[in-house]
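To start, the structure under review is shown below, and the notes come after it.
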2 protein chains.
Amino acid sequence: MTIPIDLRRNDLHSLQEQIYTQIRGLILNGRLAKSARLPSSREMARDLGVSRNTVLYAYDSLKNEGYLDSRDNAGIFVSDSIPDRCLDYVSDGRGTRLLDREPNRRPELKLEVTAPANVHLDRARPRIDFWYGRFDRRNFPLNTWRRLINENLSRAGSNLSEYGAPSGCHELRTAVSSHLGATRGMSAPPERIIITAGAQDGLNLMCRLLVQQGVRVAVENPCYGSAALLLKSYGADLRPVSIDSSGLIVEELDATDAVLAYVTPSHQFPTGATMPLERRHRLLDWAQKANAFIIEDDYDSDFRYDSPPLTALAGMDRYDRIIYVGSFSKSIGPGVRVGYLVLPEALVQPALALKSLSSYGQPWLDQIVIADFIESGGYRNHLRKLRHRYHESRDALVAGLRKFFGADADFSGDGCGMHILWRLPNGIKAAVLVAAASKFEVGLYSFESVGAYEVGDSNLRENCLVLGYSTLSPAEVTEGIERVAAAVKSLAA
Amino acid sequence: MTIPIDLRRNDLHSLQEQIYTQIRGLILNGRLAKSARLPSSREMARDLGVSRNTVLYAYDSLKNEGYLDSRDNAGIFVSDSIPDRCLDYVSDGRGTRLLDREPNRRPELKLEVTAPANVHLDRARPRIDFWYGRFDRRNFPLNTWRRLINENLSRAGSNLSEYGAPSGCHELRTAVSSHLGATRGMSAPPERIIITAGAQDGLNLMCRLLVQQGVRVAVENPCYGSAALLLKSYGADLRPVSIDSSGLIVEELDATDAVLAYVTPSHQFPTGATMPLERRHRLLDWAQKANAFIIEDDYDSDFRYDSPPLTALAGMDRYDRIIYVGSFSKSIGPGVRVGYLVLPEALVQPALALKSLSSYGQPWLDQIVIADFIESGGYRNHLRKLRHRYHESRDALVAGLRKFFGADADFSGDGCGMHILWRLPNGIKAAVLVAAASKFEVGLYSFESVGAYEVGDSNLRENCLVLGYSTLSPAEVTEGIERVAAAVKSLAA
């Protein structure tokens, strides 16, 4: 018999590999039946125009794996013992399922995994888009990036070819340490910093370390949905705490009996409230009294417009209780996937062990580039530039709302960050306005669609919009609000 | 009074920020006492040579934060209500600890975190180092990397400034899919692939999805320690299964009552056994019968020397039960931190939800560069080159052991991978030889020091060494083994 084998001399695979693979395929898709006799290695070599050793090598491999048998001097045969049911696995890709798909003893999945919708991924956006927290690609420091990458590739040494420390690259931890000292009033030695793949990865590490089934965790109500869902996924018993215009109401914490709290004191998400100094001290006191840890998510504190940034909770933490979560996603870009944790001393060793058990660490090149960006002063200039742009857009947004919706337009969170929360006038429902605005090519986003999470009822969900302005120029903001006003008018008509 | 404020005109911080920060510092370190009166904004402006608005801005911020009070027309004072204990937090960095450091109600840490020792990190190595699984920096494709990075930076578009899909960049999933089809006989559509930060990150995701307290997980005995510790950290009840020269003994699985198994069929870690076809089929049958999932860790299947690679378990999986874990750490370099999972259909959606909840995804640039490297054929050439080098070193190692320790030198795992397991002759103890060899500037590593994990007793731990050869030239290997022979001789003396 002649076996249909098609050899390519310039293939990346050697000739013996090609012979092996093709015969195996013929057996598995049934074109070479069980017990079928194969040509001798000599015949096959002649047919294919290759050396006999080449064929012998392929045959030996197939014999070793049980596809072929050699029966004394009778020749080479397809094995009898290949299980029937494997014979069609190549032909139809997967074969048919022989048994019930539903497992009866499969380990129970630990959780109902509920992840926030990835609105991020839908890049077809309306002409004027008030999506929250988005980073404008025109603001990415591409030329600096290219230069720093090339410089560091030249001196990469073994950094690309060896495992790094699970805590992250020392240069970056040092740079983050000095940046946080200068901008957030924090005394965070590099030894207490762990580099992560963004803020969410840092939160995840902390949840895995601290949260188990039934652990009571206080959260702002409303709060950042991705954090709430992550906490719940580890079994946390979420205890909602009300907020007012100064953020989380500390007095309510005692009643929660919580041992962990997740807070956003710089710019409460989504209301934008900033927690004043006095309340921060009371929050720290609660943590000490309750023997609790506090996770401080400082997600957009780099953008504060009307006053210098407040000292972070972690900068005031005399009790070693604050877990500080930071990220470069909002200041450099989410595509670089770098963030960091600053940990209480008591948590450093367990967190490092967990980090090395979970993923070893982050890519070296991304880390060293950010480290150089910070140390050179480029990052602070970049932040200043961003802050200036966002400031102008924020001003246009505030002015636009007042112009088109009256001096008493009701919004909060304009002192900081990349969004405000707008309480809609005249009983307009958020969902209705979102739909109407889309006809005017304006993207508006409700409370829920930006991933805000709320326990129980409130009127925020129905009556508020989260207006992000970080990718819009002042002129675009103004035009956008004018269009929103037209959309509102169209509702009345 | 005059306040000691030192303004810098060319500072990155504005003048009002500098005034704010310095006054805050003076209050916090006690140099401005409670109730101390500050100069009026007019006086201060004159003293400092700045506009009055600049001072007013700083004062307002300090008042908003509770550092200063203005008492009607009496002037501006340091607030009375700053808690006493915060007054020294700047001066001594952290202040003293007022209460017991030990928590009484702190959420229990979920686990005794036990991570493998990071032998990787100690880069001061003996002259000839048989460390396992190390990647030689001379083999890193640096020029290609530089070219691909620069090309992709030029067309980065919004990829650096937006979130990517949690599953990873589409181009890379497509490239991995075709690579696995060609080299591992797998039909793995990109939709079933999730890009991870290396194999360990993929394992971690799977453990988090599937393992909870008490879930029975079958592991090879001995097995890869980082996997065993990770499984245990999620509460797995590890059920050891013996291995022989064909890997895991499938017959023992029934008695384990396991619902998940972790296996390394290509090159069992650490013994190096390869599981033959027939046993692979029986392993799959067990999974189906037991309604179990199997994690196939294919950690160094790229390097197979004497025959074509075997089809992966995942390539034979007609039951949708194989979770395939792969990585570029051993083939490109650990510093790039990229790996992947190929999932059973049933697990794709929960795993993606979990991935987006945990860390969103991997850095885009690293992914696109690897995708291009694969698609251009460069990766296959690179692998072939590595395979050739490792093959030569492997040959030198086998020849050296036979030359210096006799034709019956007892080792396994030489068909594949980057290490062999050597059973020491004449009752020599591993620890003793490791110490002796270090005097001859040779790095040898015991079973445990490479992270192998064993349940119960065996003689492997005491009597075996894991010899890695991936960073050694054939000449270095030969010299190394000659030195080991000298070390053995020195023991007898």
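Being a predicted model, the structure only gives us computed values, none of them experimental. Proteins get letters first, then strands, A, B, ... in listed order; numbering begins at 1 in each.
Of the listed residues (B:Tyr20, B:Trp145, B:Trp364), the one with the most heavy-atom contacts under 4.5 Å to chain A is B:Tyr20. Taking chain B as the reference chain and counting heavy-atom pairs below 4.5 Å, the highest number among A:Ile149, A:Asn139, A:Asn150 is found for A:Asn150. Ranked by heavy-atom pairs under 4.5 Å with chain A, the first of B:Ser358, B:Gly333, B:Ala197 is B:Ser358. With respect to chain A, the highest number of heavy-atom pairs below 4.5 Å among B:Leu383, B:Leu205, B:Thr196, B:Leu153 belongs to B:Leu153. Between chain B and the options A:Leu160, A:Leu284, A:Asp136, A:Leu365, heavy-atom pairs under 4.5 Å are most frequent for A:Leu160. In terms of heavy-atom pairs under 4.5 Å with chain B, the best-connected choice from A:Ser61, A:Ser161, A:Ala227 is A:Ser161.
Side-chain atoms of A:Asp320 come within 3.5 Å of backbone N or O of A:Ala346 as a donor-acceptor pair. Judged by distance alone, the side chain of B:Gln200 and the main-chain N or O of B:Ser226 form a donor-acceptor pair under 3.5 Å. Counting only distance, with no hydrogens or angles, the side chain of B:Tyr163 and the backbone of A:Arg134 share no donor-acceptor pair below 3.5 Å.
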**Prompt:** How far apart are the C-alpha atoms of A:Arg208 and B:Ser233, what are their side-chain angles, what is the distance that settles it, and do they pass the side chain to side chain donor-acceptor pair (under 3.5 Å) test?
**Reply:** CA-CA 10 Å; A:Arg208 168 125 152 74; B:Ser233 78; 2.7 Å; yes
**Message:** Between B:Asn159 and A:Arg137, is the side chain to side chain donor-acceptor pair (under 3.5 Å) condition met? List the steps.
**Reply:** CA-CA 8 Å; B:Asn159 287 305; A:Arg137 59 181 274 198; over 6 Å; no
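With a 4.5 Å cut-off on non-hydrogen atoms, A:Asp366 touches chain B through its side chain but not through its backbone. Looking at B:Asp306, the atoms closer than 4.5 Å to chain A (heavy atoms on both sides) all sit in the backbone: N, CA, C or O. Using a 4.5 Å cut-off between heavy atoms, A:Leu310 touches chain B through backbone and side chain atoms alike. Using a 4.5 Å cut-off between heavy atoms, A:Gln362 touches chain B through its backbone atoms (N, CA, C, O) alone. Within the 4.5 angstrom heavy-atom criterion, only side-chain atoms of A:Leu142, from C-beta onward, approach chain B.
Of the N and O atoms on the side chains of B:Arg138 and B:Thr471, not one donor lies less than 3.5 Å from an acceptor on the other residue. For the residue pair A:Tyr319 / A:Asp285, a side-chain donor-acceptor distance below 3.5 Å is found, with atom types taken as modelled.
Using a 4.5 Å cut-off on side-chain heavy atoms (C-beta onward), B:Cys207 and B:Tyr234 make contact.
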